[in-house]
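Read the structure below first, then the notes.
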Amino acid sequence: MAGRVFHELFCRHPDNPILSVRDWPYRANSVFNAAAAVVEGKTVLLVRVEDFRGISHLTVARSNDGIGGWQIDTSPTLAPDPMNHPEEIWGVEDPRLTWVGELNSWLVAYTSYSRSGPLVSLARTVDFREFTRLGPVMPPEDKDAALFPVRIEGRWAMLHRPVAKHPVMSADIWISYSPDLKHWGDHKEVIRARQGAWWDAVKIGLSTPPLETAEGWLILYHGVRSTASGAIYRLGMALLDLEDPTRVIRRSDEWVFGPKTHYEREGDVDDVVFPCGWTTVDNRIMMYYGAADSCIALATAKVDELLDFLRNSPQTPLQ
Ligand code: BMA
C-alpha cells in the first residue's frame with residue numbers, strides 16, 4: 001500500500017555508523033563484524049580489523065553506553081599467531097562471544113583463515129587483555145560458530161556452518177557436542193539454506209550467539225541471495241528448543257533486517273549487514289553489525305517483539 005510505514009523490528013541508531021577506521025588509533029583498511037559483551041558495566045566489542053594486506057586481527061573497543069566514547073586498544077589485541085598456530089596464516093576473523101559461567105570465562109569462537117580455507121577456533125579470556133587459545137575445533141571449510149552458554153545434557157554445544165560440495169554447494173547451520181570443548185561430535189544439521197528465489201537460498205550462517213529466552217534459544221542468522229549485481233546479506237530468525245536445540249520450533253519466512261542505508265549498501269563489499277554480537281539488558285537488545293565490510297553499526301530491538309514475530313512464523317517453514 002503506497003505510503004504505508006511498517007514497524008521495523010530492528011531500529012537503526014541515529015549515530016550510525018558508530019565505529020569506523022576514522023575512529024581507529026592506528027592505520028587500518030576497515031573495521032567490522034564485532035563480537036559484543038557487557039563486562040563490569042561496560043560494553044566491550046571485539047572488533048575485526050582488516051589491515052592493508054587483507055589480513056584481519058581482533059581489537060578491543062570499550063564504551064560506557066555501548067554507543068559512543070569508545071576507548072580502543074592502541075595495537076591489535078588478538079593478532080594472528082601463525083608461528084604457533086599455522087591455521088591463522090591468513091588472519092583471524094568474525095568472533096562470537098559467550099559467557100560461560102561454569103568456567104568463569106568468556107569463550108571466543110572465531111574464524112582462522114588457514115591455507116586450506118576458513119575453520120573454527122576457540123579461545124578463552126577473562127579480562128579481554130589476555131587470551132588463551134584452545135586451538136582449532138572444526139576443520140575447513142567451517143565458520144560462523146558460537147557456543148551455547150551452558151552444557152546441554154552434560155555436554156558443551158556449538159552452532160557452526162560447514163560448507164559441503166555435494167551434490168552442489170551447500171552451507172547450512174549445524175550443531176556439534178563436546179565433553180571438553182576440544183573433541184567434537186554428534187554433528188547434526190539444524191537449519192538449512194532454502195532454494196530458488198528465497199532471500200536465504202545461497203547460504204546461511206549463524207550471526208550472533210544463541211540467546212536464552214523463556215520460549216527457546218533465539219537465533220539470528222544471515223542468509224545470502226545472489227543477484228546480477230552481487231550477493232545480498234540479510235538476517236532472519238529462528239527459535240530452537242531449550243533442551244534439544246536440534247529441534248527448530250519456529251523459523252521466520254521473511255528476512256527481518258537487510259541493507260538499506262548508504263553505509264550498508266556501499267563499502268568494501270556492498271549490501272552486507274553482518275552481526276556477530278548482541279548485548280541484552282532486560283528486554284532490550286543492542287545488535288552490533290558489520291556494514292558493507294567497512295564499518296560497525298548498531299540497531300536495537302525488543303526481545304518480546306522478536307518472540308511475538310516468531311510466534312507468528314511458521315512451525316514448518318517452507319523451503
Ligand atoms: C562472509 C564472511 C564475512 C563477510 C561477508 C561479506 O562470508 O566472510 O566476514 O562480512 O562474507 O563479505
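First listed ligand is number 1; within each ligand, the first listed atom is number 1. Side chains included, hydrogens not; waters and symmetry mates left out as well; all remaining heavy atoms used.
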Would you call the rings of Tyr288 and Trp70 parallel, tilted or perpendicular, taking 30° and 60° as the class edges? perpendicular
Just by distance, no angles: are the side chains of Arg250 and Ser313 close enough, under 3.5 Å, to form a donor-acceptor pair? no
So which heavy atom in the protein is nearest atom 11 (O) of ligand 1, and how far is it from that ligand atom? Tyr233 OH, 3.1 Å
Between Ser63 and Gln71, is any pair of side-chain heavy atoms under 4.5 Å apart? no
Please state whether the rings of Trp217 and Phe148 are parallel, tilted or perpendicular, taking 30° and 60° as the class boundaries. perpendicular
Just how far is it from atom CZ of Phe10 to atom OG1 of Thr300, taken to the nearest 0.5 Å? 9.0 Å
Just need the protein heavy atom nearest to atom 12 (O) of ligand 1, so name the residue and atom and give the distance. Asp293 OD2, 2.7 Å
What residue and atom, counting heavy atoms only, is the protein's closest point to atom 3 (C) of ligand 1, and at what distance? Asp94 OD2, 3.3 Å
If the cut-off is 4.0 Å to any non-hydrogen atom of Asn33, which atoms of ligand 1 fall inside it? 3 (C), 4 (C), 9 (O), 10 (O)
Taking only heavy atoms of Val269, which atoms of ligand 1 are found under 4.0 Å from at least one of them? 12 (O)
Nearest heavy atom to atom 2 (C) of ligand 1, choosing from Arg48, Arg161, Lys143, belongs to Lys143
